[in-house]
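Since the structure comes first, as structure tokens, the remarks are kept for the end.
Protein chains get the first letters and strands the later ones, always in sequence-line order, with residue 1 at the start of each.
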Protein chains: 4
Amino acid sequence: MAKRVDKEQRQAELLEIAIEVFAKRGYQATTMDEIAEQAGVSKGMLYIYFKNKEALFGAVFRWFGKMTEEVMQGAIDDTKDEVEQIRRITAAWAEVAIRHREFVPLFLDFWAAASVHGMRNDYAEDLATMYDEYRTMIIGIIERGKVRHIFKSDVDAEAIAYLLVGGMDGFFIQSWLSQPNNLNTLMFNATESLLQGIITT
Amino acid sequence: MAKRVDKEQRQAELLEIAIEVFAKRGYQATTMDEIAEQAGVSKGMLYIYFKNKEALFGAVFRWFGKMTEEVMQGAIDDTKDEVEQIRRITAAWAEVAIRHREFVPLFLDFWAAASVHGMRNDYAEDLATMYDEYRTMIIGIIERGKVRHIFKSDVDAEAIAYLLVGGMDGFFIQSWLSQPNNLNTLMFNATESLLQGIITT
Amino acid sequence: MAKRVDKEQRQAELLEIAIEVFAKRGYQATTMDEIAEQAGVSKGMLYIYFKNKEALFGAVFRWFGKMTEEVMQGAIDDTKDEVEQIRRITAAWAEVAIRHREFVPLFLDFWAAASVHGMRNDYAEDLATMYDEYRTMIIGIIERGKVRHIFKSDVDAEAIAYLLVGGMDGFFIQSWLSQPNNLNTLMFNATESLLQGIITT
Amino acid sequence: MAKRVDKEQRQAELLEIAIEVFAKRGYQATTMDEIAEQAGVSKGMLYIYFKNKEALFGAVFRWFGKMTEEVMQGAIDDTKDEVEQIRRITAAWAEVAIRHREFVPLFLDFWAAASVHGMRNDYAEDLATMYDEYRTMIIGIIERGKVRHIFKSDVDAEAIAYLLVGGMDGFFIQSWLSQPNNLNTLMFNATESLLQGIITT
DNA sequence: GATGAATGAGGCTTCATTCAT
DNA sequence: CATGAATGAAGCCTCATTCAT
């Protein structure tokens, strides 16, 4: 074991820096020089750990997906109550939106990248899968709640999933643009109103 | 007046082509050459009608804003009933999402552009204003509904506005990614569930 | 005779504008659009009266040469005394340098243009001819003065001509750069010192 | 250290080539491609060593200023006699004019560049400072000569400085245009005549 | 391994000149 | 005659990627 840090850790460090720089400057405006300099390594080094700029961006993308998934999953682990699970998911997301405002540009870059066909990696597919999983998670909650008669039996679980997932993203972006100081409350109230519409009385 | 078509029409034509190309390829990937070629005019021509690439993109942006505003406004013109107004807004938006799938990348590019500080035009500000207006429109509907005891008096109008506006965008994007064939139904059902939560019984 | 101004006058007008614009912006930075707009005519018009941009510049160049020659010639017309002639030439030149500071950039552009071989017109040759004539004029004065024993017989008339002509240009440029408020005095004193060196005692 | 030569030397090499090309073609007509090709390096390389075309020209400008200053300074180092100092300055300058004819276009370009306000660097100011220094040097010589009663006490040192500095430039340019084969003699004779006018008898 | 000098394709933009109306 | 819309060649500059040391 030489004094050199091992590859995996080095790669993780580079990724961390890349996240920072991509978030601050956007994908296009970010140069490999900038990342290398910020990381204190040579440019050639980056190319050893990541095939090219796009691969590096892809790594950031996957990191982001994992992070959000953990947030969502972590939110529902502690309770079996479906209503509470939905509350916690949106609350957790509001938390992310507040604590990680700096990721919004990154987030938007992912989408923009996904929507362009020129990119070698197929972000669109990855992103679609990600959103599918989120919706599936929500649908599962709703359906279980329906079985337990907590949610009305005629609720369209898929529609609610679309609304919640889309709404959370929309909240994220709008809050970034307009910076409301009561984001948690807004998210909470919106969630409650929606819940009022789907729970059995 | 020398040669060809009149200036205004020519500019509109070029804008139309630019919308198409930007939508297909994304802002960064789009080259002025490409737009010119697609429009069947010389590159220099573009610069007569638009100061530079960014100004052209700005024009596309403004066109998009105007278009969506008209859609929203048109949806509520025909009825005074607040519940119906909200239904029509979301329905109209679903319509746009279906008919204009090709605009999603454009839409994402606006956001991505807004989030990057390098751009000379301040898209972020324009976009924030746009969203403010949409929310203000929704808030107005909710508040009027509350006065008429159609909506519960304790409904947080701002929160609903955030959810609806964000949700519509989220629907737009998700539907672009996953291409559900029953988008109208999904949007309708989601809206109904939310309405159930805020109307007086 | 139509109401339209006749060609020659129109050409003179355009030339006048061109002088102004070239002087203010320099040859390269000046665009044909700019001249046309300033002159209140169409761009195509310029090309009717002047073959191209360079031809227009050439016309300005010739105008400048004629103007300076007239200044020099006018200065010596009124007197037969050689010492006085030299005094008047330098004084006249100082006058031009003060009154027409705005022509310095033009003047420099002529030289710069002359020194580049890319230009289609051979400014270098024209300029060389112009300077030859100036020197010849000075040499004539000196030689006549020598004949009349006003100037020392061993004075190198050509050398003095070089110094005077070069000195006047140098004065012109230096005064443009440093803007002394006593330019006439400086020019006068310099001339007197030189004269002291060449007149017979 | 990766690859090839050391940075400083490489920069010096590129500068040398740039001097050559700018001198031959003039600032405007010179393209970065041309310099790169002439230097046998890629275009991008130039931009590593010099921020842009203008910065490269600025470096050439500074090199020229340093060179001429060394010539002037070197000329007066060896003697304390003021008359001799002036003789040597003009002689040294004649030497430069003969040996470095190719720099005249460069020289003119500096002036032309200085006179145009579009340039980002303020050449005018630098050039003015340069000329100020030259004149100050001459004025110092004259004044010291006056103290030692070598020069007449009523000589206007500043005027002489203007004439000498301007005269030298004028000589330089005229000699480039007309290519006299006895430039040293002309410069020498002109200087002698002027000296005759200012020394005490 | 590690470096960073070097490359060169590719994009944006300008503007002299032309020519259909 | 007069116009000014249209052209397109040409120039500057950037930056992902490579590779000699």
Any N or O donor-acceptor pair under 3.5 Å from the base of E/dT13 to the side chain of B/K43?
yes

In whole angstroms, how far is the P atom of E/dG11 from the OH atom of B/Y27?
14 Å

Could you check which of F/dC13, F/dA6, E/dG11 has an atom nearest any side-chain atom of D/K53?
F/dC13

For A/D33 and for B/S42, find the nucleotide of DNA chain F with the closest heavy atom, then tell me which residue's nucleotide is more 5'.
B/S42

Contact under 4.0 Å: D/Y47 side-chain N or O vs F/dT14 OP1/OP2:
no

Measure from CG on C/N52 to P on E/dT18 and round the result to the nearest Å.
8 Å

Is F/dT21 paired to anything, Watson-Crick or G-U wobble with both distances less than 3.5 Å, and if yes, which nucleotide?
E/dA2

When the distance from CG of D/D6 to P of E/dA5 is rounded to whole Å, what number comes out?
11 Å

If I take atom CG in residue C/L14 and atom P in nucleotide F/dC1, what distance separates them, rounded to the nearest angstrom?
14 Å

Ring centres of A/W111 and B/F107 under 6.0 Å apart?
no

Steps toward side chain to side chain contact (heavy atoms under 4.5 Å, CB included) verdict (B/E13, B/V41):
CA-CA 11 Å; B/E13 282 170 20; B/V41 300; over 6 Å; no

How many whole angstroms separate atom CD1 of B/I48 from atom C1' of E/dT13?
13 Å

Given that C/A29 and A/G40 both sit by DNA chain E, which one's nearest nucleotide is further toward the 5' end?
A/G40

So which one's nearest nucleotide on DNA chain F is more toward 5', C/G44 or D/M32?
C/G44

In whole Å, what is the span from the CG atom of D/L56 to the C1' atom of F/dG11?
15 Å

Geometric cation-pi criterion A/K53 and A/F22, 6.0 Å radius, 45° cone
no

Donor + acceptor pair across side chains of C/E34, C/Q38 (<3.5 Å)
no

Could you state the CG-P distance from B/L46 to E/dT13, rounded to the nearest angstrom?
11 Å

In whole angstroms, the gap separating C1' of E/dT7 from CD of D/E37 amounts to 15 Å

Nearest to the D/Y49 side chain among F/dA16, E/dT17, E/dA5, which nucleotide is it?
E/dA5

I want to know whether B/F110 and B/Y27 have ring centres closer than 6.0 Å.
no

Mapping D/V41 and C/T30 to their closest nucleotides on DNA chain E, which lands nearer the 5' end?
D/V41

Could you work out which one of E/dA2, F/dA6, F/dA2 sits closest to the side chain of A/M45?
E/dA2

